[in-house]
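Written below as structure tokens is the structure these notes are about.
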Amino acid sequence: MEIFKYMETYDYEQLVFCQDKTSGLKAIIAIHDTTLGPALGGTRMWNYATEEEAIEDALRLAKGMTYKNAAAGLNLGGGKTVIIGDPLKDKNEEMFRAFGRFIQGLNGRYITAEDVGTTVEDMDLIHEETNYVTGISEAFGSSGNPSPVTAYGVYVGMKAAAKEAFGSDSLEGKTVAVQGVGNVAYTLCEFLHKEGAKLIVADINQASVDRAVNAFGAVQVSVDEIYSQDADIFAPCALGAIINDNTIPQLKAKVIAGSANNQLKDTKHGDLIHEMGIAYAPDYVINSGGVINVADELYGYNHDRAMKRVAGIYDKIERIFEISKRDGIPTYVAADRLAEERIARVGKSRSQFLQNGKHIISGR
Ligand SMILES: NC(=O)C1=CN([C@@H]2O[C@H](COP(=O)(O)OP(=O)(O)OC[C@H]3O[C@@H](n4cnc5c(N)ncnc54)[C@H](O)[C@@H]3O)[C@@H](O)[C@H]2O)C=CC1
Ligand SMILES: CC(C)CC(=O)C(=O)O
């Protein structure tokens, strides 16, 4: 990968490599765009096969955060971190504290939170070294684990997508095929089960599957079979790029609505599912509940205020379907337009000079 060429193409601001030999930390912080404010995005810990794969993931996820935060109406830019390593084996206290010091060194340009492979406990360790971290323990006045709130946002967004596809937002009796039953998807399954939906689940981790089977009577299928299930709704809640040339021909569901980031392998796959008449709830809109929740900490966390805003994901998904139909464009394009228009609008108004802090010549 030609890194600078890639960064220039998608207009990335900064890529930071963090290494700490004692703890084994190898982290990559990607900051995509800070037009709207400091870059906020979680830290993913994953056993990447190659460094290139890790860099690419950090960059793609950071850009997704720019769009997510903009579309959610937050005054935040987009960034993300990946830590290279196995979250079950390679974590230690020093690693997250060293990472916290690297974040502190960015002086507020980047604020972190949880993502795949990291927990509230990891965020608490980062917090030992920096304040630029959200989703820490509630005892600190924080919002805690964002996953249940993300799940609520996905649930209401799925209902809006169901209304578009089936004419009613009721999920009672609907069959939902859930890919990955981790932190977000377990709570999502809880909401769906309560409403009377039937669940089919797949996960590479058998313990996660067992949990959903025992709690919600979900039916287990293998990770390869999840795409082709006779389901009304496909909910991707694991990793990205799962809507691709291989999986699209297998899909029978009329709705795609799940928490995973970067679901489309490429934009052409978004075009293809649009042509097939599948109602796709754009990933970074439907999964924005977690970031809306942690971002509320920046104002002094208020759970009711945050949840009210997260409930608004229903209306946002409805609006995206409206734009999609009005303009004859795929929903992912409609969402991108919403985000890009906001960044352009706010960026333009920011260009009006405002003296902030010390007078510009006061240091003379
Ligand atoms: N946690 C949050 O608040 C947010 C999460 N997301 C996204 O939602 C997705 C899930 O996040 P979490 O639930 O937090 O992560 P998690 O790590 O708790 O859950 C992911 C699950 O997917 C499973 N998995 C991995 N590869 C798989 C495969 N090929 N097939 C089936 N299952 C597989 C894992 O074993 C795990 O159980 C990720 O893409 C994440 O970036 C997005 C916004 C917020
Ligand atoms: C987990 C969230 C709080 C932030 C994030 O990284 C995301 O929404 O993907």
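One-based numbering along the sequence shown. Both counts, for ligands and for their atoms, begin at 1 and track the order of listing.
- In this structure, the protein non-hydrogen atom closest to atom 9 (O) of ligand 2 is Lys80 NZ, 2.8 Å.
- Aromatic ring centres of His32 and Tyr10: separated by at least 6.0 Å.
- Only the side chain of Asp115 comes within 4.0 Å of ligand 1, counting heavy atoms alone; its backbone N, CA, C and O stay farther away.
- Of all protein heavy atoms, the one closest to atom 1 (N) of ligand 1 is Ser147 OG, 3.1 Å.
- Ligand 1 has a nitrogen or oxygen under 3.5 angstrom from a nitrogen or oxygen of Thr150.
- Nearest-heavy-atom check against atom 39 (O) of ligand 1 across Ala113, Ala238, Gly289 picks out Ala238.
- Note on ligand 2: Arg44 sits outside its first shell, no heavy atom being nearer than 4.0 Å.
- A salt bridge links Glu322 with Arg319: the distance from a Lys NZ or Arg NE/NH1/NH2 to an Asp or Glu carboxylate oxygen falls below 4.0 Å.
- Asp245 has a carboxylate O that lies under 4.0 Å from a charged side-chain N of Lys268, or vice versa, which qualifies the two as a salt bridge.
- Contact atoms of ligand 2 toward Ala113: 3 (C) (distance under 4.0 Å to a heavy atom of the residue).
- Within ligand 1, the atoms closer than 4.0 Å to a non-hydrogen atom of Lys68 are 43 (C), numbered from 1 in the order shown.
- The closest heavy-atom contact to atom 32 (N) of ligand 1, among the options Val154, Asp203, Asn287, Asn205, comes from Asp203.
- Side-chain atoms of Lys68 and Asn261 form a donor-acceptor pair, as typed in the model, at a separation below 3.5 Å.
- Hydrophobic cluster membership is shared by Val154 and Phe321, with clusters built from Ile, Leu, Val, Met, Phe, Trp and Tyr side chains linked at under 4.5 angstrom.
- Every atom of ligand 1 with a heavy atom of Arg44 under 4.0 Å away is listed here by number and element: 38 (C), 39 (O), 40 (C), 41 (O).
- When only non-hydrogen protein atoms are considered, atom 8 (O) of ligand 2 lies nearest to Lys68 NZ, 2.6 Å.
- In this structure, the protein non-hydrogen atom closest to atom 7 (C) of ligand 1 is Ser259 O, 3.2 Å.
- You'll find the ring centres of Phe216 and Tyr186 inside the 6.0 Å limit.
- A salt bridge does not link Lys26 with Glu51: every distance from a Lys NZ or Arg NE/NH1/NH2 to an Asp or Glu carboxylate oxygen is 4.0 Å or more.
- Screening Phe140, Phe96, Phe99 for a ring pair (Phe, Tyr, Trp, His ring centres under 6.0 Å) involving His127 leaves a single residue, Phe140.
- If you number the atoms of ligand 2 from 1 as listed, the ones under 4.0 Å from a heavy atom of Gly42 come out as 4 (C), 5 (C), 6 (O).
- A salt bridge between Asp115 and Lys80 is present, with a side-chain N of the basic residue lying under 4.0 Å from a carboxylate O of the acidic one.
- With hydrogens left out, the protein atom closest to atom 15 (O) of ligand 1 is Val116 CG2, 3.5 Å, a heavy atom.
- Looking at Asn261 against ligand 2, only its side chain comes within 4.0 Å, counting heavy atoms.
- Glu114 O, 3.9 Å is the protein heavy atom nearest to atom 2 (C) of ligand 2.
- Using a 4.0 Å cut-off between heavy atoms, Cys237 contacts ligand 1 through its backbone alone, with no side-chain atom that close.
- Atom 30 (N) of ligand 1 has Val223 CG1, 3.6 Å as its closest protein atom, hydrogens excluded (heavy atom only).
- The pair Asp296-Arg309 fails the salt-bridge criterion, with no side-chain N (NZ, NE, NH1 or NH2) lying under 4.0 Å from an Asp/Glu carboxylate O.
- The shortest distance between side-chain heavy atoms of Val178 and Phe234 does not fall below 4.5 Å.
- Taking every heavy atom of Ala260 and a limit of under 4.0 angstrom, the matching atoms of ligand 1 come to 8 (O), 9 (C), 39 (O).
- With a heavy-atom cut-off of 4.0 Å, Lys80 does not touch ligand 1 at all.
- For a threshold of 3.5 Å applied to N or O pairs, the pair formed by Gly290 and ligand 2 contains no separation below that value.
- Electrostatic pairing of Glu56 and Arg60 does not count as a salt bridge here, judged by no charged N lying under 4.0 Å from a carboxylate O.
- Taking the ring centre of Phe166 as origin, the terminal cationic atom of Lys174 falls inside the region bounded by 6.0 Å and 45° from the ring axis.
- Of all atoms in ligand 1, listed by their number and element, those nearer than 4.0 Å to a heavy atom of Val184 are 1 (N), 2 (C), 4 (C), 5 (C), 12 (P), 13 (O), 14 (O).
- Residue Pro146 has at least one heavy-atom neighbour below 4.0 Å for each of these atoms of ligand 1: 3 (O).
- Between Tyr132 and Tyr110, the ring centre distance reaches or exceeds 6.0 Å.
- Residues Tyr332 and Tyr280 place their aromatic rings such that the two centres sit no closer than 6.0 Å.
- Remark: ligand 1 and Gln179 share no N or O pair separated by less than 3.5 Å (distance only, no angle test).
- Residue-ligand proximity, Gly41 to ligand 2, at heavy-atom distances under 4.0 Å covers atoms 6 (O).
- Inspection of the Tyr67 and Asp283 side chains reveals no N or O donor paired with an N or O acceptor under 3.5 Å.
- Taking distance alone, with nitrogen or oxygen atoms compared against 3.5 Å, Asn261 approaches ligand 1 more closely than that limit.
- Nearest-residue assignment for atom 28 (C) of ligand 1 (options Asn183, Asn293, Ile204; heavy-atom criterion): Ile204.
- For the 3.5 Å distance criterion, the side chains of Glu297 and Thr134 fail to qualify, holding no donor opposite an acceptor.
- At a 4.0 Å cut-off, not a single heavy atom of Gly135 sits close enough to ligand 2 to count as contact.
- Closest heavy-atom approach to atom 19 (O) of ligand 1 among the candidates Ala207, Gly182, Ala202: Gly182.
- Looking at Glu114 against ligand 1, nothing comes within 4.0 Å, counting heavy atoms.
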